Each structure stands twice: as C-alpha cells, then as structure tokens.
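All of these numbers come straight from a predicted model, not from anything done at the bench.
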There are 2 protein chains.
Amino acid sequence: MTLTTAEENYLKAIYHLSDGATKSVSTNDVAAEMKTKPASVSDMLRKLGDKEVIEYRKYYGVNITEEGKKRALQTIRKHRLWEVFLVEKLQFAWDEVHEVAEELEHIQSPLLIQRLDSYLNFPKFDPHGDPIPDEYGDVRARPRLALNEMDIDQSGQIVAVKDSSAAFLKYLDKVGAYIGARIKVLDKVEFDGSMEILVDQKKTLFMSKDVAANILAIQS
Amino acid sequence: MTLTTAEENYLKAIYHLSDGATKSVSTNDVAAEMKTKPASVSDMLRKLGDKEVIEYRKYYGVNITEEGKKRALQTIRKHRLWEVFLVEKLQFAWDEVHEVAEELEHIQSPLLIQRLDSYLNFPKFDPHGDPIPDEYGDVRARPRLALNEMDIDQSGQIVAVKDSSAAFLKYLDKVGAYIGARIKVLDKVEFDGSMEILVDQKKTLFMSKDVAANILAIQS
DNA sequence: TTAGTGTTTTAGTCTTGGCTAAAAATATGA
DNA sequence: TCATATTTTTAGCCAAGACTAAAACACTAA
C-alpha cells in the first residue's frame with residue numbers, strides 16, 4: 001500500500017502529536033498542526049484508516065498503528081538524512097534546511113536513501129540534534145561485524161572502520177573500498193586469515209587479516 | 001508565475017519535441033511523449049498558453065516561447081545536475097539514475113541547485129554525455145557524430161547514446177563500453193555496416209550498424 | 001435530564017490532472 | 001470540389017485534497 005505525499009505528511013504530523021505513537025490525537029489538533037481545517041482532516045483520517053496506518057473511531061480521535069509508526073519513521077528518517085546532507089555537504093545553515101528537506105523527504109527510492117546514508121557515514125543525529133531512525137525504523141539495531149568475522153559467500157555492506165586514521169582511509173580509497181560499498185566474501189585463507197572480497201559486484205580485493213579486522217560491515 | 005510539476009513535465013516534453021525550441025509540436029506528439037491522451041493535452045496546452053510559456057493556436061500545435069525555453073532549460077539543468085550527483089557521489093550506475101532524477105528535478109530551491117552545482121564542481125555534461133545548461137540556460141554542445149559515421153582509423157571518445165533505454169545501457173556495460181571511453185575505428189564491413197572498435201586501447205569490440213548508430217562520439 | 005457549547009462529521013463546491021465519447025476542424029485524395 | 005479520414009477540441013465525469021456551511025455528536029453544568 002503506497003501513501004501519497006499528503007498522506008505521508010498527515011501521518012508524520014499524527015506521529016509527532018501522539019508522542020511516539022502512544023497517545024490518541026484529536027482531529028482539531030491535527031488540523032492545527034497541518035494548518036488546515038478540521039473538515040479536511042476528517043476526510044483524510046478516513047483514508048488513512050482505510051489504509052490501516054491509523055485506527056480511526058469517528059468522534060474519538062486516532063491512534064497510529066504499528067504499520068503507521070513504521071511509515072512515519074521512514075519519512076522522518078529521510079527528512080533528517082537530507083538535512084544532514086544539506087548542512088554537511090552543501091553548506092546550508094541549520095535553520096535553512098527544513099523547507100527543502102520537507103520536499104526531498106518524499107522522493108521515492110529506497111536505494112537512494114541507503115546510498116545517501118552511506119555517503120553521509122550513517123549519521124545518528126540530524127543538524128538539530130534529533131535522532132535519525134535506522135532502516136528498520138528505530139526498532140532493530142544493526143549488528144556490525146568485522147570483515148574477518150564474516151564467512152565465505154556472505155554479503156553485506158561496509159558501514160565503518162575501527163581505525164579511521166588518514167593512512168588507513170587513504171589505503172581504502174586507493175584499493176577502491178569505501179563506506180557504503182556492497183561487498184561479498186569470495187575466499188578466506190586458513191593459513192594467514194587473509195581474504196578475497198568482491199566490491200560492488202565488480203572489483204576483487206585481497207586484504208590481510210589485519211585490514212579485514214579494521215573494516216566493519218552489516219550483513220544483508 | 002510558478003509552474004506545477006505536471007506543467008514542468010509537459011514543458012520539458014514540448015522543448016525536447018521541438019528540437020530546442022525551433023519546430024512546432026502537435027497535440028498528438030505531446031500525448032505520445034507524455035503517455036497520455038490528446039484530450040488531456042489540449043487542456044494542458046490551454047493552461048501553458050495562459051501562462052505564456054508556449055504560443056498555442058488551436059488545431060495548429062504549439063511553439064515554445066522564450067520564457068518557456070528558459071523554464072524548460074532550468075528543469076533540464078536540474079535533472080542533469082542530479083544525475084551527476086547520483087553517479088559521482090552515490091555510486092549509482094548511469095542506467096539507474098533517470099527515474100530518481102525525474103523526481104528530484106522538481107524540488108523548488110534555487111539555492112539548492114546553486115550549491116549542488118558548486119559541490120559537483122560545475123560539471124558541463126551529465127553521465128550520458130548530454131550538456132548541462134548553465135544558470136542562464138546557455139548550452140555548450142560538443143559536435144557529436146554517430147559511430148557508424150566515423151571512418152576507419154579515426155579516434156574519439158564516447159560521449160552519449162541516442163537510445164538511452166535501460167536495455168541498451170545494460171548491453172553497453174556488458175560489452176565494456178561506457179561514456180568517456182576512448183575508441184578507435186579498426187574496421188567497417190561494407191556489406192552490413194558492422195564495425196570493429198578498439199576500446200581504451202585494449203578491448204576489441206564488434207558491433208552491428210544499428211548499435212553503432214546509437215552511440216555518439218566526439219572526434220579527437 | 002436537558003440545554004448549551006465546543007468538536008467532529010457530512011454535504012456540497014472548487015481546482016488540478018486525468019479519462020471517454022462525441023463533435024468540430026483540418027487534411028487528403030478522387 | 002466533395003467525401004472521407006485524421007487530428008484536435010469540447011463536454012462531461014472521476015479522484016485527490018482543499019474549502020464553507022450545516023448537521024450530528026459528546027461533554028458539561030444546571
């Protein structure tokens with residue numbers, strides 16, 4: 001079930017008003033938050049109820065459902081990642097980013113958001129200090145493991161390095177690995193623990209155990 | 001006068017169909033390009049005419065105005081800048097960017113585009129080799145010719161493709177050709193127009209005349 | 001219990017951008 | 001030139017998301 005831009009914005013407002021999906025929210029409150037009229041809100045609540053992202057009892061306000069919470073958190077995640085991008089990469093001031101992020105958050109492309117997240121180095125907070133939900137909507141934490149702990153044929157994505165010295169980052173860059181790269185373990189040598197890694201489905205990389213132990217990945 | 005997303009898309013289509021604002025464009029052609037019905041197009045042409053971005057004479061098709069051309073080029077500029085961003089910064093493949101750029105191009109923020117341009121180092125061409133109009137809508141085109149128009153022993157560089165369908169881009173990728181590849185014509189078969197191309201001074205590639213006609217290059 | 005007050009919903013309207021069916025205008029060819 | 005074919009427009013309808021005005025409901029206080 002896909003949501004329109006307007007529906008996404010309502011859901012986000014309801015999520016915020018409900019204090020993280022705990023409280024009931026009234027039609028009037030939503031109208032105030034959305035700067036619209038209660039009559040328009042009633043209409044929209046019916047639609048959101050039909051799509052089962054909220055529980056709607058006429059005259060008694062709404063509660064957000066689990067599915068709705070997930071959707072809202074995804075939108076919030078996108079909004080905050082774009083804010084980080086605008087501030088860190090495009091030199092926007094922290095008070096200039098909201099309007100633009102409000103538009104950018106509705107771009108539909110899971111791949112785009114994954115890559116953006118990698119590109120920004122998996123930030124945990126936006127420029128206003130608000131936390132950024134992870135891919136799964138805050139709930140699941142991603143277990144990270146060092147490359148040398150991965151088994152042959154396992155796939156994943158590089159998310160961090162332990163030693164982020166300039167020298168090591170330079171080395172990574174030189175061999176064509178980077179934060180966000182998709183990787184697959186092709187081979188592990190028993191003798192010295194060195195590994196053969198497929199990067200982005202094209203480049204093959206050989207690395208010592210020491211290097212592998214320095215690179216953190218999530219499995220996929 | 002602001003344009004809606006739909007209006008921007010129509011204007012872009014009309015600009016493309018009119019070969020850079022020179023030819024008249026028929027209602028039917030616009031309908032085909034936009035994958036919509038002529039009746040819907042008539043309606044939209046009336047609106048675009050009212051906003052003076054096109055000159056609309058009923059039953060005689062439309063011509064784009066100076067103002068319309070400027071608007072269309074601004075949209076194209078945004079589209080191509082985003083494509084560069086996706087490929088250079090987010091490691092998208094050049095055949096994955098179009099759909100997402102189609103959404104991103106409608107984000108309204110002149111500051112965003114200025115900053116993006118500067119962040120990308122003021123690129124002149126997008127990943128498909130198409131020129132990026134500057135802030136004022138000026139385009140610096142390179143003289144390009146199709147591979148099948150090149151003679152034996154001529155050298156050059158691939159800069160664009162005519163048919164940028166995912167299927168064709170995928171094919172190119174598979175055979176090891178890409179935008180920016182340096183090429184040299186080793187042989188042309190009189191009988192069927194097929195060609196033998198040296199890519200990057202190492203790989204030799206055989207291609208039919210149809211494929212060659214689809215690949216644009218600049219001579220060097 | 002009932003009247004009053006504020007909240008919420010319904011009903012009907014508007015705009016945008018689609019659609020189909022039918023009418024009108026233009027183009028073509030005998 | 002006139003009939004036919006093609007293109008384009010008009011007219012009327014639909015859905016989304018807004019609005020206003022009016023009706024329905026819930027809550028409170030006498």
Side-chain angles (χ1 to χ4, degrees), chain A residues 1-15 17-18 23-64 68 71-72 75 99 102-103 105-108, chain B residues 1-15 17-18 23-64 68 71-72 75 99 102-103 105-108:
Chain A
M1 184 75 71
T2 58
L3 301 179
T4 66
T5 293
E7 286 169 343
E8 276 185 2
N9 283 332
Y10 269 97
L11 194 57
K12 204 167 45 127
I14 294 168
Y15 177 81
L17 289 170
S18 70
K23 293 200 307 227
S24 273
V25 176
S26 77
T27 300
N28 255 6
D29 289 349
V30 175
E33 177 80 10
M34 294 294 295
K35 297 190 168 92
T36 181
K37 305 289 165 181
S40 312
V41 174
S42 284
D43 234 52
M44 185 54 88
L45 294 185
R46 189 183 40 70
K47 288 181 207 163
L48 291 175
D50 289 349
K51 294 194 173 180
E52 299 185 356
V53 291
I54 61 171
E55 225 176 291
Y56 176 41
R57 272 186 60 215
K58 277 182 193 175
Y59 295 104
Y60 287 92
V62 300
N63 286 90
I64 204 161
R71 300 297 193 94
T75 306
E99 312 304 313
E102 206 65 20
E103 289 188 58
E105 74 186 10
H106 299 295
I107 305 288
Q108 301 289 355
Chain B
M1 183 76 70
T2 58
L3 301 179
T4 65
T5 293
E7 286 168 343
E8 276 186 1
N9 283 332
Y10 269 97
L11 194 58
K12 203 166 46 123
I14 294 168
Y15 178 81
L17 289 171
S18 70
K23 293 199 306 227
S24 274
V25 176
S26 77
T27 301
N28 255 6
D29 289 349
V30 175
E33 178 79 10
M34 295 294 295
K35 296 190 169 94
T36 182
K37 303 290 163 180
S40 311
V41 173
S42 285
D43 236 52
M44 184 53 88
L45 294 186
R46 190 182 40 70
K47 288 180 206 164
L48 291 175
D50 290 348
K51 294 193 173 181
E52 299 185 354
V53 291
I54 61 171
E55 225 176 291
Y56 177 39
R57 273 185 60 216
K58 279 184 193 174
Y59 295 103
Y60 286 93
V62 299
N63 286 91
I64 203 160
R71 300 297 194 94
T75 306
E99 312 303 313
E102 206 65 20
E103 290 189 57
E105 75 187 10
H106 299 295
I107 304 290
Q108 301 290 354

DNA chain D nearest-nucleotide lookup for A/A6 and B/V41: closer to the 5′ end is B/V41
Spacing of OH belonging to B/Y10 relative to NZ belonging to B/K12, to within rounding of 0.5 Å: 13.5 Å
Given D/dT10, C/dG18, D/dA18, which nucleotide is nearest the side-chain atoms of B/A39? D/dT10
Could you tell me how far apart A/R46 (CZ) and D/dA16 (P) are, to the nearest whole angstrom? 9 Å
Between A/K37 (NZ) and C/dG6 (P), how many Å, whole number? 17 Å
Does OP1 or OP2 of D/dT8 have a side-chain N or O of B/N28 closer than 4.0 Å? yes
Rounding to an integer number of Å, can you tell me how far A/N9 CG sits from D/dG17 C1'? 12 Å
Ranking A/Y10 and B/T27 by the position along DNA chain D of their nearest nucleotide, the one closer to 5' is B/T27
Which of residues 52-63 of chain A have a heavy atom under 4.0 Å from DNA chain D? A/Y59, A/Y60
For D/dG17, does OP1 or OP2 lie under 4.0 Å from any side-chain N or O of A/T4? yes
Atom CG of B/L45 and atom P of C/dT16: how far apart are they, to the nearest Å? 16 Å
Measure CD/B/E7 against P/C/dT15 and give the value in whole Å, please. 15 Å
Between C/dG17 and B/T36, is there an OP1 or OP2 to side-chain N/O distance shorter than 4.0 Å? no
To the nearest angstrom, how far is A/M44 atom CE from D/dA15 atom C1'? 12 Å
Within this structure, what is the OG-CG distance for the pair A/S42 and A/L45, rounded to the nearest 0.5 Å? 6.0 Å
In this structure, how many angstroms lie between the P atom of C/dT16 and the NZ atom of B/K51, rounded? 8 Å
Roughly how many Å is it from NZ in B/K47 to C1' in D/dT10, rounded to a whole number? 15 Å
Side chain A/E33, main chain A/V30, donor-acceptor under 3.5 Å: no
Given the options B/K47, B/R71, B/K51, B/E7 meets salt bridge (Lys or Arg N to Asp or Glu O under 4.0 Å) only with B/K51
To the nearest 0.5 Å, what is the distance between CE on B/M44 and OG1 on B/T27? 13.0 Å
Hey, is the main chain of B/I64 close enough, under 3.5 Å, to the side chain of B/E55 for a donor-acceptor pair? no
Rounded distance (nearest 0.5 Å) linking atom CD1 of B/I54 with atom CZ of B/R46: 11.0 Å
Looking at the side chain of A/S40, which of C/dC19, D/dC19, D/dT9 is the nearest nucleotide? D/dC19
